[in-house]
K.L.:
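Quick one: structure below, then a few questions.
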Amino acid sequence: MPFVSLTDADVEAMLGELGLGSLDALFAHVPEDLRRHAFALPPGRTQLEVERELEALAARNDRAAGAACFLGAGAYDHHVPAALREILRRGELYTAYTPYQPEIAQGMLQALFEYQTMLARLTGLDVANASLYDGATACLEALGLAVRHTNRTRVVVDANLNPRWRDVIKTGAAGMGLTVVEVPGGGLAQGRDAAAPAAAVDASTAALLVPNPDFFGRYADLKALAQAAHAHGALLIGAAAPISMAIFEPPGAMGCDVACGEGQELGLGLSFGGPYLGFLAARKELVRRMPGRLVGMTVDSRGQRAFTLTLQTREQHIRREKATSNICSNQSLCAFAAGLYLAIMGREGLRRCAAACLAGVAALRAKLAAIPGVTLFPGTHWREFVFRTPLRAERVCELLAAKGILAGVPLAARFGAGIWEAGDVLVAVTEKRTAEEIDAYAAALREAVAAAR
Amino acid sequence: MELVFEKHSAASGAANVPDPGPEAEALVPPELRRAAPPALPELSELDVVRHYLALSRRQVGVDSVFYPLGSCTMKYNPKLCEEAARLPGFARLHPHAPDELCQGMLALLWNLEQRLCEICGMDAFTLAPMAGAQGEWTGLLLVRAYHRARNDARTEVLVPDSAHGTNPASAAMAGFEVRAVASNDDGEVDLAALRNAVGPKTAALMLTNPNTLGLFETRIREIAAVLHQAGALLYYDGANLNAICGVARPGDMGFDIVHVNVHKTFATPHGGGGPGAGPVGVKARIAPFLPAPRIVREGERFARAEASPQSIGRVGAFGGNAGILIRAYAYLAMLGREGVTRVAQHAVLAARYLAARLASDFPSAYDRPCMHEFVATPSAAILGKGVKTLDIAKRLIDCGFHPPTVYFPMIVHEALMVEPTETETKERLDAFVAAMHVIAAEAMATPEKLKTAPQNAPVGRVDEVKAARELVLTYDMAR
Ligand SMILES: Cc1ncc(COP(=O)(O)O)c(C=O)c1O
């Protein structure tokens with residue numbers, strides 16, 4: 001029997017010690033009619049058989065997993081360094097529970113403390129927590145933080161935030177007592193617009209949540225929005241992309257009080273949508289209202305530096321229904337991996353990665369601009385942009401997929417109605433995309449559009 | 001040990017990415033440009049590897065030691081499951097890849113849903129929630145949506161006083177008022193108290209079974225009837241499913257909604273605090289409210305479907321922690337029908353055995369047969385020496401064991417909650433028993449030894465009070 005360690009003799013001896021005649025007797029106080037004897041599950045299989053089955057299942061995804069991936073919209077195909085993958089397999093780390101016994105969990109605690117420091121430095125804010133579930137829930141939790149801080153319930157959300165993240169905010173809003181006001185953040189043709197978000201903030205507003213870059217890959221200066229929010233006593237929350245902060249002005253420097261978002265790009269790989277990493281950083285003044293775990297530095301009984309979970313009185317296991325969040329298990333190993341990624345890449349590695357995305361986007365845009373029938377939109381695009389063709393976007397993606405290129409996300413088909421049209425494709429270009437892949441993309445698109453004309 | 005910021009070597013991170021040249025950055029308008037680069041570590045790859053390896057030596061996991069952490073089900077995490085999640089066809093699969101190109105992934109997830117339905121006695125499952133607590137929150141939003149659809153605005157969620165902290169916290173986050181229900185002297189839900197608490201405002205009762213004391217709620221059918229007669233729902237916190245998987249099903253007990261913690265029962269690793277996954281199962285009448293995406297089967301083809309118009313919406317950006325769910329699927333595939341039952345049998349046997357053998361020095365808080373875990377307290381004699389449960393926990397570290405859960409559930413004074421799981425040998429269980437009795441003897445003879453423990457850990461007892469009082473949450477706050 002796999003993964004049990006008691007021998008038949010052990011079982012017999014232990015049952016004997018308990019004065020029981022059989023394993024079934026252990027469940028004697030479970031009402032007889034609740035005990036079920038037949039489960040419709042397949043019989044157990046050997047490791048070899050299961051390995052083969054999983055390899056076969058994985059292989060059925062190989063065309064997608066092996067394609068030139070220009071997909072984004074919340075998850076990005078960045079390179080995962082080999083050293084990161086290697087370290088993540090240390091059993092001491094990944095088979096540990098939450099570090100409630102700090103004396104034997106210094107490894108994870110120190111790594112999370114280092115992660116918190118790196119995230120704070122990257123975002124230009126004072127403190128970061130030790131992870132939330134993903135970018136979407138990080139936004140929801142950031143809004144909750146603002147509500148607790150301001151004692152107000154109205155929150156303004158720039159509608160150019162990732163639509164999936166907006167969905168999650170809508171799912172959670174009523175239960176958390178939030179009134180969500182979505183405002184347009186600028187159409188594709190006009191470029192980003194700060195006027196509507198700024199105008200929507202009033203004296204009853206807890207927070208203004210603005211993406212940077214926005215869902216369409218466009219970067220904007222948020223300083224005016226910070227002023228508008230602060231003038232009304234509201235917080236400015238920037239939903240941001242960590243790698244971009246190597247070269248772009250980070251949320252803290254633009255006046256954001258809170259930065260949150262998705263940390264998947266920091267070495268986590270794609271993995272069909274998870275596990276990823278919700279990050280949340282904030283000004284020091286907000287720390288007691290923050291959700292999620294925090295690691296602090298302290299000393300041990302001998303006066304040596306040591307680390308421990310701290311400010312636990314914010315958390316569910318102590319504060320119960322009054323906690324700042326219900327989160328318990330979080331995405332610690334993903335935060336660990338993100339810190340490790342940043343340590344491996346260092347200042348220059350991350351700068352190059354961010355710059356390579358910019359360069360890749362510029363190169364692909366230049367090629368697409370030369371194709372008759374393709375429309376591009378203005379803006380400072382970092383890693384993502386939208387183009388329009390007269391074809392339906394799904395059709396474009398299908399045609400390119402047949403050539404081993406995952407061309408992007410067809411916006412209307414995937415996200416329903418929005419500020420986009422039926423021909424709009426959202427494309428991401430990471431440092432992994434080669435000049436050859438970009439050429440092949442442009443050539444395939446030229447052919448597809450020409451054939452349709 | 002040094003922090004990563006206190007080491008310097010010839011940085012090699014640049015070698016990971018081709019240099020796009022200065023023209024690229026010139027594309028950033030000056031007002032959007034970062035003034036000074038972020039102060040990230042500058043290290044060679046070798047020094048990074050050494051740093052993190054040194055960190056791993058200051059950490060223990062299930063792979064290192066016996067880890068009888070109650071309520072957490074710290075069982076062995078099979079290595080094939082790790083390999084499976086890393087197969088390129090899974091690990092490199094983008095969540096926006098078209099369904100036609102991820103049939104293997106969707107088939108796996110669909111089959112996992114079916115197996116969870118069978119194990120829990122439910123009609124439909126969503127894999128979207130990313131941990132147990134998120135499953136609770138999802139489940140409570142389902143409760144809310146279900147009552148709303150019947151024009152029944154119920155505002156209260158009941159939780160036993162022994163409940164895990166996430167239960168009341170999730171209920172509050174879902175917009176409910178929380179009301180505690182007392183436990184009786186047997187450690188079960190007090191039916192009289194429950195009847196008093198249940199009324200037209202009651203939306204649901206959240207319950208773990210076995211409960212957080214490790215005791216089976218023997219009157220579960222009556223509890224379900226009380227709730228259902230009042231028009232309320234019964235929610236199952238699946239944290240303790242390891243005790244009954246393959247033996248009894250929450251669905252048969254009358255539970256309407258369940259979450260399972262795959263990082264407990266289904267052997268996916270805890271990751272030092274996460275990630276896990278918290279799939280939620282429901283009875284058919286609640287299925288229309290499940291979050292998107294739904295995985296549907298059309299003949300031999302699988303697809304992701306948007307949810308019904310009655311759905312609570314999305315609970316995460318994508319469909320959940322797929323990388324974790326792959327591991328759970330692989331584990332279940334190896335266990336199969338007989339293996340699942342054997343897990344519960346051996347988990348309960350190991351706990352019952354430990355409870356009996358520890359009882360002289362660490363009597364169980366309730367004198368009843370436990371399930372997969374039990375809550376004990378140090379004997380009056382030990383407590384009389386001024387020794388606390390915390391001291392016993394720290395001394396266990398010196399003996400090479402991870403301590404049990406301490407001070408939970410809150411209704412038991414000086415609680416020690418022990419959950420051995422099915423994956424440990426009898427020798428290891430006996431060694432733990434021996435160590436506990438030695439510690440009990442030390443508590444009587446040399447209590448200082450406990451109060452100054454641990455002595456054999458990477459650091460001595462950590463000053464948590466100072467950490468909270470003089471907040472240092474980043475390296476920069478330390479300077
Ligand atoms: C009884 C109980 N309920 C709920 C939870 C929360 O689960 P998770 O940590 O996966 O969010 C736990 C986990 O510690 C638990 O023990």
Side-chain angles (χ1 to χ4, degrees), chain A residues 5 10 14 23 34 41 43-44 50 54 57-58 60-61 64-65 71 87 90-92 95-96 98 102-104 106-108 117 127 133 136 164 167 171 175 271-275 296-298 300-301 306 310 316-317 320-321 323 326 329-333 343 345-346 348-349 352 355-356 359, chain B residues 11 13-14 17 20 24 41 52 55-56 58-63 84 87 89 92-97 101 104 130-131 133 165 168-170 172 174-175 178 248 271-276 313-314 317-318 321-323 333 336-337 339 345 353 425-426 457 459-462 467 472-475:
Chain A
S5 296
D10 294 335
M14 290 162 75
L23 285 168
L34 287 178
L41 292 170
V50 173
L54 282 149
L57 284 168
R60 289 174 63 197
N61 312 316
L71 300 171
I87 303 262
R90 296 291 299 194
E92 305 88 331
T95 70
T98 302
E103 294 81 6
I104 40 176
Q106 287 297 300
M108 185 52 80
T117 302
V127 292
Y133 301 128
R164 291 282 174 79
D167 286 348
T171 299
S271 195
F272 205 60
M297 187 191 270
T298 180
D300 73 355
S301 52
T310 194
Q316 47 73 29
H317 59 282
R320 300 175 77 85
E321 65 269 24
N326 67 337
S329 290
N330 57 11
Q331 307 281 115
S332 286
L333 196 67
M345 297 296 278
E348 177 58 14
R352 282 194 185 187
Chain B
V17 196
Y52 282 90
L55 288 178
S56 77
R58 291 162 74 81
Q59 177 74 37
V60 303
V62 177
D63 280 1
L87 290 168
R92 298 191 178 181
L93 188 60
H94 195 287
H96 282 305
L101 301 184
M130 290 170 273
S170 300
V178 178
R314 282 180 185 270
F318 296 105
N321 283 340
R337 183 192 310 135
Q345 290 172 332
Y353 177 76
T425 60
K426 180 165 181 293
V459 294
R461 204 175 288 197
V462 173
V472 179
L473 302 174
T474 66
Y475 188 51

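Chain naming here is simple, since letters A, B, ... match the order of the sequence lines and numbering starts at 1 in each. Keep in mind that this is a model prediction, so the values were computed, not measured.
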K.L.:
Among Q316(A), M297(A), E348(A), single out the residue with the greatest number of heavy-atom pairs under 4.5 Å to chain B.
P.N.:
Q316(A)

K.L.:
If you tally heavy-atom pairs under 4.5 Å against chain B, which of R60(A), H317(A), M345(A) wins?
P.N.:
R60(A)

K.L.:
Taking every non-hydrogen pair under 4.5 Å, which of A323(A), G274(A), A356(A), A359(A) racks up the most with chain B?
P.N.:
G274(A)

K.L.:
At a heavy-atom distance under 4.5 Å, which candidate from G336(B), A131(B), P95(B) has the highest pair count against chain A?
P.N.:
P95(B)

K.L.:
With chain A, which of G271(B), G13(B), A11(B), G339(B) has the greatest number of heavy-atom pairs at distances under 4.5 Å?
P.N.:
G271(B)

K.L.:
Please check this pair: side chain of Q59(B) against backbone of M108(A), looking for a donor-acceptor N/O pair closer than 3.5 Å.
P.N.:
yes

K.L.:
Checking T95(A) against chain B: side chain, backbone, both or neither under 4.5 Å from a heavy atom?
P.N.:
both

K.L.:
Need one label for R90(A): side chain, backbone, both or neither, based on atoms under 4.5 Å from any heavy atom in chain B.
P.N.:
side chain

K.L.:
Looking at G296(A), S271(A), G349(A), which has the largest count of heavy-atom pairs under 4.5 Å with chain B?
P.N.:
S271(A)

K.L.:
Flag the one option from A306(A), G91(A), A136(A) with the top tally of heavy-atom pairs under 4.5 Å to chain B.
P.N.:
G91(A)

K.L.:
Looking at A65(A), is its backbone amide N or carbonyl O close enough to the side chain of R92(B) to form a donor-acceptor pair, meaning the two atoms are under 3.5 Å apart?
P.N.:
no

K.L.:
Quick check: does any side chain N or O of N61(A) sit under 3.5 Å from a backbone N or O of G89(B), one acting as donor and the other as acceptor?
P.N.:
yes

K.L.:
Contact part of I87(A) toward chain B, heavy-atom cut-off under 4.5 Å: side chain, backbone, both or neither?
P.N.:
side chain

K.L.:
Of all heavy-atom pairs between R164(A) and F318(B), which one has the smallest distance, and what is that distance?
P.N.:
NH1-CD2, 4.0 Å

K.L.:
If you count heavy-atom pairs under 4.5 Å between each of G273(B), A322(B), A133(B) and chain A, which one has the most?
P.N.:
G273(B)

K.L.:
Counting N and O atoms only, with roles assigned by atom type, does the side chain of R352(A) sit under 3.5 Å from a partner on the main chain of A14(B), one being a donor and the other an acceptor?
P.N.:
yes

K.L.:
Could you tell me if the side chain of T425(B) sits less than 4.5 Å from the side chain of D10(A), heavy atoms only?
P.N.:
no

K.L.:
What are the two closest non-hydrogen atoms of A457(B) and E103(A), and how far apart are they?
P.N.:
CB-O, 3.8 Å

K.L.:
Between the side chain of N330(A) and the main-chain N/O of S332(A), is any donor-acceptor distance below 3.5 Å?
P.N.:
yes

K.L.:
Quick check for you: among A317(B), G276(B), A172(B), which has the greatest number of heavy-atom pairs under 4.5 Å with chain A?
P.N.:
A317(B)

K.L.:
Report the option among R58(B), H96(B), K426(B) that has the most heavy-atom pairs separated by less than 4.5 Å from atoms of chain A.
P.N.:
H96(B)

K.L.:
Report the option among G44(A), A343(A), S329(A), A96(A) that has the most heavy-atom pairs separated by less than 4.5 Å from atoms of chain B.
P.N.:
A96(A)

K.L.:
Tell me every residue that passes salt bridge (charged side-chain N to carboxylate O under 4.0 Å, His left out) with R314(B), counting only those two or more places apart in sequence or in another chain.
P.N.:
D167(A), E306(B)

K.L.:
Select one option (side chain, backbone, both, neither) describing which atoms of A84(B) are under 4.5 Å from chain A's heavy atoms.
P.N.:
side chain

K.L.:
In terms of heavy-atom pairs under 4.5 Å with chain A, which of S170(B), S56(B), A24(B) leads?
P.N.:
S56(B)

K.L.:
Check salt bridge (charged side-chain N to carboxylate O under 4.0 Å, His left out) between R461(B) and all other residues, then give those that pass, not counting sequence neighbours.
P.N.:
D391(B)

K.L.:
In terms of heavy-atom proximity below 4.5 Å to chain A, should L473(B) be classed as side chain, backbone, both, or neither?
P.N.:
both

K.L.:
Minimum heavy-atom separation for D300(A) and G460(B), please, with both atom names.
P.N.:
OD2-N, 2.8 Å

